[in-house]
Novice: 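I am attaching a structure below and will ask some questions about it afterwards.
Just so you know, residue 1 is the first one in the sequence shown, and it goes up from there. Everything numeric here is computed off the predicted structure, so don't read it as measured data.
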Amino acid sequence: MSKIPRNHRASWTVQELTLPGRTENAVKLMANKLGIQYQGGIIHGARQRIWTDKEWRKLKDNIHLTPSGLLDYFPGRTVRSIAKAKERLRKHRVI
C-alpha cells in the first residue's frame, strides 16, 4: 500500500482535494466567492506566508531601513522576502 501525502495541519489528503470535473481555476474562483483566503503554502520547496495587515503597517512605518535592518522587526522572514515586500509597497505607491 502506497503512502498518501497528508497536509500536516489537516486531516485530508492531497488526492481528496481534487474535484472531478472542476478545473483548478474553478475551485479558486469558488473559494474566493465563499470568502476563503489563501494563507500561504510551500512553493518550490520553500514555505510561503502571506503578509498580515499588521506586518504591512510595520513595514510602511520602517520603510527607511534596509531589508537586513528590518530582520529584527519580522522574525521568520528572510531578507529577500522583506526586500520584495518593500518593492511591492513602492510599486503600488502605498508609501
Novice: Within the structure provided, determine whether Arg90 and Ile63 are in side-chain contact (heavy-atom separation under 4.5 Å).
Specialist: yes
Novice: Out of curiosity, Arg57 CZ to Asn62 CG, how far, rounded to the nearest 0.5 Å?
Specialist: 13.0 Å
Novice: So which heavy atom on Asp72 is nearest to which on Pro75, and how close?
Specialist: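 Reported closest heavy-atom pair: O-CD, 4.0 Å.
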Novice: State, to 0.1 Å, how close Leu65 and Lys86 come at their nearest heavy-atom pair, and which atoms those are.
Specialist: O-NZ, 2.6 Å
Novice: I need the minimum non-hydrogen distance between Ile50 and Glu55, along with the two atoms involved.
Specialist: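 Closest pair (atom of Ile50, atom of Glu55, distance): O-OE1, 4.1 Å.
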Novice: Looking at Trp51, I'd like to know if the NZ or CZ of Arg77 sits under 6.0 Å from its six-membered ring centre while staying within 45 degrees of the ring's axis.
Specialist: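 Here Arg77 passes the 6.0 Å and 45° test against Trp51.
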Novice: Taking the side chain as everything from C-beta on, heavy atoms only, tell me whether Lys91 gets closer than 4.5 Å to Arg88.
Specialist: no
Novice: Roughly how far, to the nearest 0.5 Å, is CD1 of Ile82 from OG1 of Thr66?
Specialist: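 Output value for this atom pair is 9.0 Å.
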Novice: Begin with the C-alpha distance, continue with both residues' side-chain angles, and end with the deciding distance and a verdict on side-chain contact (heavy atoms from CB on, under 4.5 Å) for Tyr73 and Leu59.
Specialist: CA-CA 8 Å; Tyr73 292 91; Leu59 180 60; over 6 Å; no
